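A quick write-up on the structure given underneath.
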Amino acid sequence: MLQVSVIKEQTDRVLAGLAKKHYKTAAADVAAILDLDQRRRQLQTSHDSAQAEANDLARQIGQLMKSGDKAGAETLKARTAELKQHTKTASEELAQVEHEQQQLLYKLPNLPHASVPEGRSAADNEVVREGGQKPALPADAQPHWELIKKYDIIDFDLGIKITGAGFPVYKNQGARLQRALINFFLDEARDAGYTEIQPPILVNEASGYGTGQLPDKEGQMYHDAQDNLYLIPTSEVPITNLYRDEIIATDKLPIKNTGYTPCFRREAGSWGADVRGLNRLHQFDKVEIVQITEPERSYEALDGMVAHIENLLQKLELPYRVLRLCGGDMSFTSALTYDLEVWSAAQGRWLEVSSASNFETYQANRLKCRYRAEGGKTQLLHTLNGSALALPRIVAALLENNQTSDGINLPAVLHSYCGFSKIG
RNA sequence: AGAGAGGUGGCAGAGUGGUCGAAUGCGGCGGAUUCGAAAUCCGCUAUACGGGCAACCGUAUCGGGGGUUCGAAUCCCUUCCUCUCUGCCA
């Protein structure tokens with residue numbers, strides 16, 4: 001959520017940013033927000049002064065009652081009735097205006113950082129750099145959905161039987177590989193200074209609002225109506241909400257957390273081409289890294305996160321590239337996003353395995369996550385997160401890129417984690 | 001799930017209709033004392049919104065919402081949450 005003060009003081013910058021994100025009704029929405037803000041201030045002032053007078057009269061009435069001047073008290077009471085009516089209508093209007101303003105603010109996406117390229121779709125994303133070597137596969141190379149059957153390591157049909165499509169069952173070396181990757185990612189994050197968190201995987205409504213899944217993306221989360229809890233779509237939600245409604249001491253900053261959780265996504269409406277096998281699931285495993293920093297350090301932190309993720313891909317010996325997303329392809333809440341993709345050799349396409357974003361104050365404003373800046377004023381912090389990493393597509397690429405007639409050779413870094421060096 | 005208790009400042013914990021944004025203690029910050037420290041003493045120590053260049057002033061907030069009253073932390077209604085015991089259970 002953008003801050004009203006920013007919209008008011010930097011209107012042109014806000015409009016330019018919204019345009020870059022291809023937000024359609026920017027001019028009208030911004031004007032409406034500013035207009036509502038004007039009215040809100042007037043109502044507040046009017047309400048407060050009437051209330052101040054009423055408070056003063058109440059004190060006087062108390063004194064008069066005490067001294068036995070009933071008639072005097074009654075005179076003043078008549079005036080308080082008027083004031084009461086006034087404050088009541090003012091506060092009702094105020095609530096209405098605040099609500100309207102809030103609804104408009106929820107609609108506005110975050111402003112993109114200056115470095116975000118112009119563009120509408122994934123085709124306009126900027127390739128920042130590539131790393132690793134694309135493998136030369138044998139002529140009879142198979143996509144991962146064939147390989148997992150061949151080696152009997154992931155079973156979609158069993159998942160369908162016990163739950164539904166998009167809920168794979170990992171077996172044998174497939175299950176062990178999952179566990180190995182999770183441990184590898186967590187260990188690497190810890191070595192990079194992240195504190196490991198194991199959060200709940202159901203969250204309440206307030207947490208959904210805090211990180212921006214609610215109110216808009218309600219349909220994307222699984223919801224337990226009986227207890228009004230949501231299955232998390234990413235551990236970003238619980239881990240960032242740890243700091244909701246907090247004023248964080250400067251010496252605790254930056255906050256660097258990591259956590260492994262399963263992630264649950266309904267993916268309503270997003271099924272179709274290119275979602276075979278492990279490419280898109282309802283439940284998958286992910287290790288997430290989260291940082292909360294002072295505003296002036298957040299881009300440095302984002303670079304560090306991208307470097308960390310790249311390092312993981314290098315250790316896994318996967319060919320990858322780093323993209324800077326264009327204005328039209330970025331998420332609603334982000335100011336700058338880097339996607340990391342790995343080359344899936346048998347499918348012949350890039351697969352997104354990580355997304356690292358700086359949300360600046362956009363999430364923090366909803367979360368009310370602040371610190372005390374120089375001079376004693378509270379100020380919003382910047383929040384960031386990135387996948388480090390999401391497992392399914394990593395597994396897909398590992399299987400496809402490393403297939404041989406003699407089995408699948410795993411990268412050296414995983415051998416001790418798996419307890420084996422080859423699948424098959 | 002059944003029965004009971006309770007939600008007050010960073011924490012602990014008073015406060016049952018006005019003088020309460022709220023005693024006291026702890027913690028934190030500043031100062032005095034000290035060669036330095038401990039101990040002791042003094043002062044300060046919530047957030048949001050509005051007004052003001054500022055000092056500062058006003059308003060709201062004692063889980064949330066509503067009500068009674070000139071006036072509510074305090075009374076009433078409602079809702080959420082937490083804890084204890086019993087039950088069930090990894």
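Everything quoted here is computed from the prediction, not taken from an experiment. All chains are named by letter (A, B, ...) in the order of the sequence lines, taking the proteins before the strands, and each is independently numbered beginning at 1.
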* Reckon Arg372(A) has a side-chain N or O less than 4.0 Å from the OP1 or OP2 of U47(B)? -> yes

* Would you say the side-chain atoms of Gln291(A) and Tyr194(A) include a donor-acceptor pair closer than 3.5 Å? -> yes

* Can you tell me how far P in G10(B) sits from the matching atom in U19(B), rounded to whole Å? -> 22 Å

* Do the side chain of Arg372(A) and the main chain of Thr250(A) share a donor and acceptor less than 3.5 angstrom apart? -> no

* Asked: Is there a donor-acceptor contact under 3.5 Å linking the side chains of Glu205(A) and Tyr209(A)?
  -> no

* Determine whether Ile201(A) and Pro262(A) make a side-chain contact, defined as any pair of heavy atoms from C-beta on separated by less than 4.5 Å. => yes

* Asked: Given that both pair distances must be under 3.5 Å and the pair must be Watson-Crick or G-U, what runs of three or more consecutive pairs involve RNA chain B?
  -> B:1-7 with B:80-86, B:10-12 with B:24-26, B:27-32 with B:40-45, B:46-51 with B:56-61, B:63-67 with B:75-79

* **Parallel, tilted or perpendicular, as decided by the 30° and 60° cut-offs, for the rings of Phe332(A) and Tyr362(A)** => perpendicular

* Please state the C1' separation for the pair U33(B) and C42(B) - nearest whole angstrom. => 11 Å

* Any donor-acceptor pair under 3.5 Å from Asn365(A) side chain to Thr361(A) backbone -> no

* G18(B) phosphate, OP1 or OP2, under 4.0 Å from Gln63(A) side-chain N/O -> no

* Asked: With no hydrogens and no angle check, is any side-chain donor or acceptor of Arg324(A) less than 3.5 Å from a backbone partner on Glu126(A)?
  -> no

* Asked: Taking atom CD1 of Ile292(A) and atom CD1 of Ile255(A), what is their separation to the nearest 0.5 Å?
  -> 4.5 Å

* Give a yes/no on whether any side-chain N or O of Arg370(A) is located under 4.0 angstrom from OP1 or OP2 of A48(B). => yes

* Count the heavy atoms of every other residue, nucleotide or ligand shown that sit under 6.0 Å from CZ of Arg39(A), and state whether that count exceeds 12. => no

* To do: Check the side chains of Arg393(A) and Ser344(A) for a donor-acceptor pair under 3.5 angstrom, ignoring hydrogens and angles.
  => no

* For Gln51(A) and for Ile247(A), find the nucleotide of RNA chain B with the closest heavy atom, then tell me which residue's nucleotide is more 5'. => Ile247(A)

* **Sidechain-backbone polar pair: Asn125(A) side chain, Cys326(A) backbone, donor-acceptor under 3.5 Å** => yes

* To do: Mind running a 4.0 Å heavy-atom check of residues 42-50 of chain A against RNA chain B and sending the residues that fall below it, in number order?
  => Gln44(A), Thr45(A), His47(A), Asp48(A)

Using the 3.5 Å cut-off, write out each protein N or O paired with an N or O of nucleotides 62-72 of chain B and the distance between them.
none

* To do: Write down the distance separating the C1' atoms in G7(B) and G13(B), rounded off to the nearest Å.
  => 13 Å

* Which whole number of Å gives the distance between the C1' atom of A32(B) and that of A38(B)? -> 16 Å

* Asked: Quantified in whole Å, what is the C1' atom distance between nucleotide U79(B) and nucleotide C26(B)?
  -> 34 Å

* Same-atom distance (C1') from U69(B) to G17(B), integer angstrom -> 9 Å

* Structure fact -> In this structure, CD of Glu196(A) is separated from CG of Asp187(A) (nearest 0.5 Å) by 8.0 Å

* Which value, in whole Å, describes the distance between the P atoms of nucleotides G21(B) and U45(B)? -> 15 Å

* For A72(B) and G66(B), measure between their P atoms and round to the nearest Å. => 14 Å

